[in-house]
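Just below is one structure, and these are the notes that go with it.
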There are 8 protein chains.
Amino acid sequence: GFARVDTDRLPRTGDPEVVYAAGKTPDEVVAILGTLRDAAPDRPSLVTRADPATVAAVRLRWPEAQVEGTTVVVGDLPQARGLVGVVTAGTSDSPVAAEAATTVRAFGAGVVRVTDVGVAGLHRVLDARPVLQDADILIVVAGMEGALPSVVGGLVGTPVVAVPTSVGYGASFGGLAALLGMLNSCAAGVVVCNIDNGFGAGVFAARIARGMQR
Amino acid sequence: GFARVDTDRLPRTGDPEVVYAAGKTPDEVVAILGTLRDAAPDRPSLVTRADPATVAAVRLRWPEAQVEGTTVVVGDLPQARGLVGVVTAGTSDSPVAAEAATTVRAFGAGVVRVTDVGVAGLHRVLDARPVLQDADILIVVAGMEGALPSVVGGLVGTPVVAVPTSVGYGASFGGLAALLGMLNSCAAGVVVCNIDNGFGAGVFAARIARGMQR
Amino acid sequence: GFARVDTDRLPRTGDPEVVYAAGKTPDEVVAILGTLRDAAPDRPSLVTRADPATVAAVRLRWPEAQVEGTTVVVGDLPQARGLVGVVTAGTSDSPVAAEAATTVRAFGAGVVRVTDVGVAGLHRVLDARPVLQDADILIVVAGMEGALPSVVGGLVGTPVVAVPTSVGYGASFGGLAALLGMLNSCAAGVVVCNIDNGFGAGVFAARIARGMQR
Amino acid sequence: GFARVDTDRLPRTGDPEVVYAAGKTPDEVVAILGTLRDAAPDRPSLVTRADPATVAAVRLRWPEAQVEGTTVVVGDLPQARGLVGVVTAGTSDSPVAAEAATTVRAFGAGVVRVTDVGVAGLHRVLDARPVLQDADILIVVAGMEGALPSVVGGLVGTPVVAVPTSVGYGASFGGLAALLGMLNSCAAGVVVCNIDNGFGAGVFAARIARGMQR
Amino acid sequence: GFARVDTDRLPRTGDPEVVYAAGKTPDEVVAILGTLRDAAPDRPSLVTRADPATVAAVRLRWPEAQVEGTTVVVGDLPQARGLVGVVTAGTSDSPVAAEAATTVRAFGAGVVRVTDVGVAGLHRVLDARPVLQDADILIVVAGMEGALPSVVGGLVGTPVVAVPTSVGYGASFGGLAALLGMLNSCAAGVVVCNIDNGFGAGVFAARIARGMQR
Amino acid sequence: GFARVDTDRLPRTGDPEVVYAAGKTPDEVVAILGTLRDAAPDRPSLVTRADPATVAAVRLRWPEAQVEGTTVVVGDLPQARGLVGVVTAGTSDSPVAAEAATTVRAFGAGVVRVTDVGVAGLHRVLDARPVLQDADILIVVAGMEGALPSVVGGLVGTPVVAVPTSVGYGASFGGLAALLGMLNSCAAGVVVCNIDNGFGAGVFAARIARGMQR
Amino acid sequence: GFARVDTDRLPRTGDPEVVYAAGKTPDEVVAILGTLRDAAPDRPSLVTRADPATVAAVRLRWPEAQVEGTTVVVGDLPQARGLVGVVTAGTSDSPVAAEAATTVRAFGAGVVRVTDVGVAGLHRVLDARPVLQDADILIVVAGMEGALPSVVGGLVGTPVVAVPTSVGYGASFGGLAALLGMLNSCAAGVVVCNIDNGFGAGVFAARIARGMQR
Amino acid sequence: GFARVDTDRLPRTGDPEVVYAAGKTPDEVVAILGTLRDAAPDRPSLVTRADPATVAAVRLRWPEAQVEGTTVVVGDLPQARGLVGVVTAGTSDSPVAAEAATTVRAFGAGVVRVTDVGVAGLHRVLDARPVLQDADILIVVAGMEGALPSVVGGLVGTPVVAVPTSVGYGASFGGLAALLGMLNSCAAGVVVCNIDNGFGAGVFAARIARGMQR
Ligand SMILES: Nc1ncnc2c1ncn2[C@@H]1O[C@H](COP(=O)(O)O)[C@@H](O)[C@H]1O
Ligand SMILES: Nc1ncnc2c1ncn2[C@@H]1O[C@H](COP(=O)(O)O)[C@@H](O)[C@H]1O
Ligand SMILES: Nc1ncnc2c1ncn2[C@@H]1O[C@H](COP(=O)(O)O)[C@@H](O)[C@H]1O
Ligand SMILES: Nc1ncnc2c1ncn2[C@@H]1O[C@H](COP(=O)(O)O)[C@@H](O)[C@H]1O
Ligand SMILES: [Mg+2]
Ligand SMILES: [Mg+2]
Ligand SMILES: [Mg+2]
Ligand SMILES: [Mg+2]
Ligand SMILES: [Mg+2]
Ligand SMILES: [Mg+2]
Ligand SMILES: [Mg+2]
Ligand SMILES: [Mg+2]
């Protein structure tokens with residue numbers, strides 16, 4: 001077949017395999033998803049980067065599927081353990097934040113959203129401080145405001161996973177400026193994911209949050 | 001004065017400020033360190049990127065200072081809570097791993113080291129699986145083996161903080177190849193720090209490990 | 001004319017010229033292909049990067065043409081000598097692998113395919129070890145899993161030709177991350193082709209495989 | 001001769017030519033400086049990027065020369081008109097800030113310094129707000145804290161000239177990360193100079209400050 | 001809500017928030033614009049990067065809106081204080097210059113335009129010298145003529161804000177060539193904005209021009 | 001007006017201004033072209049990078065216009081003085097070569113074309129040696145064969161202007177690979193133009209060829 | 001210990017592990033070398049990138065060690081099977097070629113050298129054609145002549161492993177220009193190694209040559 | 001031997017081979033130079049990039065050698081035909097200009113120097129106009145003033161060979177900024193050489209100048 005689904009991932013890592021739909025046909029996605037549902041019926045299955053045709057094909061087969069932008073979840077969400085704060089700098093960064101939040105929920109942790117707290121209006125971040133402090137871990141999503149994770153990481157001791165986005169123009173070079181800014185952050189306790197990779201940040205943060213003492 | 005030491009960092013984030021010695025004179029480092037010791041006498045103070053002259057100056061003032069490569073710790077290490085695995089691909093990546101491990105200990109978590117488990121001899125990583133699984137979080141340090149975090153992240157469910165190093169030559173471009181490889185890792189649950197940034201990875205991992213349920 | 005077909009290539013290098021269809025009109029491709037068929041009727045002629053219009057035009061003239069994605073072969077395939085393993089990390093890397101495999105066959109060697117053996121599920125690569133060992137040479141195709149050639153190259157002594165693909169997003173920078181990772185591989189015996197260049201890898205591997213003692 | 005000194009610059013632009021000493025011998029610098037002193041005896045002459053040998057040669061000829069790091073001023077400083085705030089993120093950024101401040105003074109404006117107000121300890125910037133607001137224009141110098149100009153530019157309406165420095169390591173790429181972060185700043189009213197170019201920022205800011213209504 | 005509008009920006013910085021429409025729906029833009037109109041009815045509100053659908057939606061709600069390319073202004077323009085010269089190298093750079101000029105007017109300064117004074121026909125710049133000298137500050141917009149700000153900055157003492165544009169092809173790399181050229185300008189008194197960022201240059205220049213003595 | 005046509009260019013440089021149509025409307029191109037025709041009726045006027053709508057608009061006004069791809073010439077071609085060889089590596093490089101050849105003719109020199117002499121079939125270049133030697137100057141156009149100018153430059157003493165093209169894929173990075181290869185050529189006597197800049201190479205070569213002794 | 005020597009590499013891949021001495025102390029190299037000698041006494045052991053101190057330390061312990069530049073071989077060379085041609089463009093590329101040739105011999109194949117056959121004097125390559133054709137595989141080493149592998153690959157059917165070197169200046173960018181040129185080679189059958197990686201090319205080529213039918 | 005000197009270059013291209021001394025020992029340079037003197041005793045032999053030891057070794061053997069910086073000429077200079085203008089922007093660009101000028105003379109053309117005509121003081125270029133117009137071809141050397149070739153190319157019709165230098169700092173990126181600016185020049189008739197490549201520009205320009213009608 002075209003795919004060799006890694007159904008052994010759940011026993012090995014504690015979390016099931018997911019489907020990255022980019023570059024796959026709707027039929028391929030449905031087939032792989034079927035295998036995943038069979039292998040781990042008690043855990044939800046995730047599809048990321050699904051275009052409308054793929055979303056439709058998945059919904060046809062699993063009408064109960066929950067869709068959030070280009071992310072699809074099939075199967076009941078687990079009880080949430082721990083709390084992940086998902087913070088966005090600007091409205092345009094929302095799709096990546098949504099991918100992150102949906103992933104966190106599917107991987108078993110709770111989510112609290114903090115939106116549009118750009119650095120250019122600092123009081124918005126300062127006002128959000130109690131929420132930022134209360135979370136077990138933060139995902140900070142920003143494109144034109146690569147500065148945000150540094151500010152957040154200096155404000156609270158909560159660990160920060162920074163996700164640069166490709167939002168911006170000119171010398172943003174498709175997210176490279178935000179990526180480099182985040183990697184060089186002076187605030188200790190900031191780690192970084194690939195540009196636009198809400199999924200990866202979500203899995204990482206969920207694993208941490210699930211294991212934290214409360 | 002030349003510096004405005006952030007002594008408020010401990011109450012704000014739960015961890016004290018540290019000294020990044022690169023570009024500072026030994027005298028400046030000793031002065032800042034003195035301020036930090038006074039502000040938080042119960043927590044150790046860390047100096048990173050200290051050259052020999054700076055190490056000597058610190059030792060003159062605090063003979064009890066513990067030195068590991070270019071990292072210096074002044075003050076008693078806290079009781080270790082949680083466990084951080086520090087994994088290196090090759091012998092040449094050791095200095096960065098040492099910076100990470102020393103930071104983890106100074107920030108209050110325990111360390112287990114796994115050395116020289118390069119991907120080109122896979123059985124070495126496979127043999128280390130029990131240790132990798134047992135840690136609360138892993139720091140994976142690699143320059144020429146940018147592939148290692150992907151392999152580790154696919155093997156166990158323990159969260160992985162990848163640290164690219166500037167070890168290598170030619171198209172490694174000072175660590176850029178390893179950095180990009182780690183950012184694009186297909187294994188979920190891998191996040192990345194700046195090239196050679198053992199310190200940042202150490203703070204992040206210690207915070208996580210300290211909070212984990214055991 | 002617009003083209004000066006290198007019909008002398010067969011006596012000079014032992015292999016005939018092929019047509020790179022990108023940037024050529026269907027008519028131009030058919031004309032060049034005609035010249036190649038006349039010059040070397042006993043060897044198949046290859047067209048790479050053919051869009052649908054070009055495929056149709058070639059098929060109109062040579063109904064027996066065999067089409068695999070954007071690659072077209074006109075003329076009987078030679079008897080296969082030697083064996084090339086074509087390995088892919090993910091489903092999305094398949095088109096490049098298909099170009100490689102078709103080229104290998106057209107240039108006179110046999111092919112065995114190993115699909116979807118991503119590094120994040122290592123047991124899949126380990127299971128494939130006998131096949132990997134049995135081939136004369138391996139073509140390893142990967143975009144988001146730039147780590148795969150290193151893993152394969154450390155597992156078996158079979159020479160590896162790595163082909164980075166442009167599959168991925170963000171800091172993959174159109175295949176650059178995979179390319180750099182493969183160039184820096186610590187596993188000895190790994191060489192690299194241009195991003196998405198299944199054709200070049202195929203010619204190289206076929207020449208090696210054809211000459212190997214069995 | 002080796003140089004064609006632009007003595008016409010003062011009537012043309014209102015400010016005299018200066019000497020960029022990098023790549024010139026001490027003798028060449030002294031010769032050009034002599035021409036500049038003769039052409040505009042009422043305005044101070046500036047030498048930037050002077051190594052110790054050049055500083056010594058200038059001092060031998062003009063014992064009254066004022067030296068600040070690698071910047072040398074010969075001639076009386078003009079009366080200060082307007083006020084430029086020179087803000088630094090970290091101690092290591094001081095040499096660039098010093099070049100900027102010395103230039104501002106030599107070009108006829110006043111200077112107020114705000115040091116070590118890194119974003120990771122935000123209260124330090126917030127405390128400096130009255131000073132930042134009071135200046136006619138701000139020069140914000142930062143290497144590892146590329147975020148600082150965004151924060152400052154969102155806090156006050158004072159125009160900001162950001163100067164990235166080459167301080168940092170790894171993915172700072174010699175100041176590129178800070179440069180890109182500053183160019184993408186979401187705070188309106190932030191403009192950028194070349195990496196380490198304290199001189200250019202100083203001339204620009206002095207011209208603005210001199211012309212401002214008080 | 002999806003946005004946390006920074007209505008406090010006017011008291012904090014003296015200028016109101018604006019709407020960056022890229023990546024926002026027309027409805028979102030209209031909603032944010034409504035909040036801005038309410039918060040600061042005496043100052044005009046700006047929308048940048050508005051596509052035709054957004055322009056139409058804004059015009060439906062505020063028929064008096066003034067549209068210039070992709071920039072929209074709602075509310076009466078303030079009395080102009082000071083004068084900003086907006087200079088373009090080539091016809092293709094006009095849209096960026098228009099964004100800059102509209103922003104300058106909305107932020108309360110006057111504008112004088114100098115168009116198509118490319119360096120390849122130097123007399124055009126030389127002829128414009130009186131206008132260049134008469135302005136309080138200049139915005140110089142250029143893509144293929146990255147040399148223009150250097151020439152202007154050497155000709156007159158008026159401060160120059162250079163805006164590289166993405167106009168060009170080949171090794172212009174989307175404006176990178178112009179950006180680098182402008183950053184390295186030998187003429188003192190040249191600062192730089194992000195590629196195509198007419199808005200940012202406009203806010204900066206307006207603030208300067210408003211405060212200048214006449 | 002939107003444009004300040006450099007009609008003084010002919011007396012100043014001996015060659016008239018041309019129109020770069022990218023980013024201009026058909027009406028703007030026609031208007032500028034009219035000004036150029038009036039200013040220099042005895043010399044042909046050139047339009048480069050004209051899209052079909054612009055070509056149509058020009059033809060409507062000047063039915064005698066000669067069109068070659070995206071290049072348009074209005075006015076009688078001058079008598080050819082000297083000879084420029086225009087050499088292409090592959091069929092896909094033809095459009096750039098056509099722009100170069102048309103420009104050469106419009107600027108008053110003669111053209112001889114040598115097509116499809118890729119380095120991979122060296123005998124084709126060797127066969128063309130007499131033609132290469134006979135020209136006054138050569139324009140060598142290549143994308144995937146960045147090696148061609150080096151080979152030509154080592155074969156004959158005729159000066160070579162190399163034009164990299166954006167033809168290619170993967171690590172060609174839009175012509176960057178060819179550009180760098182050509183800049184590093186070991187053959188003395190090779191100079192380089194911008195990627196795809198057939199126009200610039202044409203003007204340069206025509207000026208040289210016109211002045212050569214025969 | 002500091003190292004976990006991969007002594008299982010010989011049974012797994014058919015070739016023993018080697019020592020990459022960069023970043024290791026002479027003592028570490030001698031210790032690892034001892035382990036390798038014990039594990040595979042019948043095969044020579046290789047040290048690459050050895051500085052003079054390391055060479056001396058190895059020679060002290062194994063006086064029979066053979067040294068070629070920075071490469072050291074301990075143990076008897078195996079009988080040569082097959083033939084690898086090592087081709088260099090210029091004299092300055094010799095050290096990389098030497099590393100390649102020594103590796104080939106240590107890994108059991110024969111070597112024939114072809115030196116200084118730069119493309120700018122094409123007849124030198126043409127004269128070498130019989131030797132190039134006679135080898136089983138070619139290693140082509142070049143820095144400023146990135147064109148050489150294309151020329152060789154078009155001249156003969158022998159498979160080509162291209163090794164870019166960091167020789168050059170300016171826009172060679174440490175070997176990047178040669179690397180990109182080689183990756184984009186139009187000649188089929190050219191694969192590429194990391195910049196300056198004579199070792200990797202040597203292992204690959206030796207494996208191929210050993211297996212070829214003669 | 002280590003070198004295969006291209007003594008056939010003179011009959012083939014009309015100019016003799018030269019020695020690029022970087023990466024060669026003084027002995028190797030002397031040996032190659034001896035071969036070149038024998039092969040073409042009537043033409044001078046050139047050595048470029050000679051360090052002091054190499055200069056001394058050459059002078060020992062040929063006491064009549066003429067040395068200009070790192071360039072050495074052995075043999076009588078030919079009668080000058082045609083005139084090359086060598087123009088520099090700043091004093092620091094002089095070494096590259098000297099390499100160019102010496103090469104021009106050794107290859108048989110005359111030289112006129114125009115120094116320190118930076119764009120920031122435009123009148124200096126304008127004053128030089130008669131000299132610029134009088135030359136057959138211009139070599140324009142500039143690092144921080146990448147704008148100079150555009151200005152010169154717009155001022156006169158003389159063909160321009162631009163040589164970017166590595167002079168500068170920060171975002172000059174070793175000459176990349178100047179290189180890109182020169183490649184994108186809007187002035188027609190500007191071609192470009194590698195960064196710091198005075199030699200290449202000199203050969204090219206001398207060939208043109210020698211052939212020009214006067
Ligand atoms: N064209 C533009 N380029 C860069 N920044 C802009 C632009 N237009 C508006 N902005 C900034 O973006 C901020 C609004 O972003 P948002 O909250 O996403 O609407 C404003 O405060 C402006 O400072
Ligand atoms: N295809 C082209 N590539 C680069 N420059 C060009 C091209 N066509 C025209 N030019 C230059 O662009 C200038 C015209 O630009 P513009 O004023 O925008 O029409 C001319 O003077 C030419 O020197
Ligand atoms: N010059 C070299 N360049 C690249 N890789 C090398 C080189 N020399 C040895 N190696 C590889 O590096 C591995 C040993 O690395 P280490 O464990 O750090 O000693 C060996 O297995 C080789 O495959
Ligand atoms: N400074 C230089 N920069 C670039 N190429 C040069 C230089 N000097 C000499 N060359 C070229 O390098 C070739 C000699 O290289 P080699 O065989 O290594 O001595 C000559 O044919 C020249 O074309
Ligand atoms: Mg906002
Ligand atoms: Mg090892
Ligand atoms: Mg898969
Ligand atoms: Mg600090
Ligand atoms: Mg124009
Ligand atoms: Mg061809
Ligand atoms: Mg040579
Ligand atoms: Mg000067």
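Since the structure is predicted, the reported quantities are computational estimates derived from the model, not experimental observations.
- For Ile195(H), no part sits under 4.5 Å from any heavy atom of chain F, backbone or side chain.
- Here the straight-line distance linking atom CZ of Arg207(F) with atom CG of Asp136(H) works out to 14.0 Å at 0.5 Å rounding.
- Separation of atoms CD (Gln133(H)) and OG1 (Thr13(F)) is listed at 9.5 Å; rounding is to 0.5 Å.
- Environment of CG in Asp76(F): sparse, with no more than 12 heavy atoms of neighbouring residues, nucleotides or ligands closer than 6.0 Å.
- The one candidate from Val191(H), Leu183(H), Val190(H) that meets the side-chain contact (heavy atoms from CB on, under 4.5 Å) condition with Cys193(F) is Val191(H).
- Highest contact tally toward chain H, considering only Ala162(F), Pro159(F), Gly14(F), Ala201(F), is held by Pro159(F) [criterion: heavy-atom pairs under 4.5 Å].
- In this structure, the portion of Val156(H) lying under 4.5 Å from any heavy atom of chain F is its backbone and not its side chain.
- Contact record, Phe204(F) with Gly189(H): CD1-O, 3.3 Å, taken as the closest heavy-atom pair.
- Ranked by heavy-atom pairs under 4.5 Å with chain F, the list Leu155(H), Asp15(H), Asn184(H), Leu179(H) is led by Leu155(H).
- Heavy atoms closer than 4.5 Å to chain H are found in the side chain of Ile137(F), but not in its backbone.
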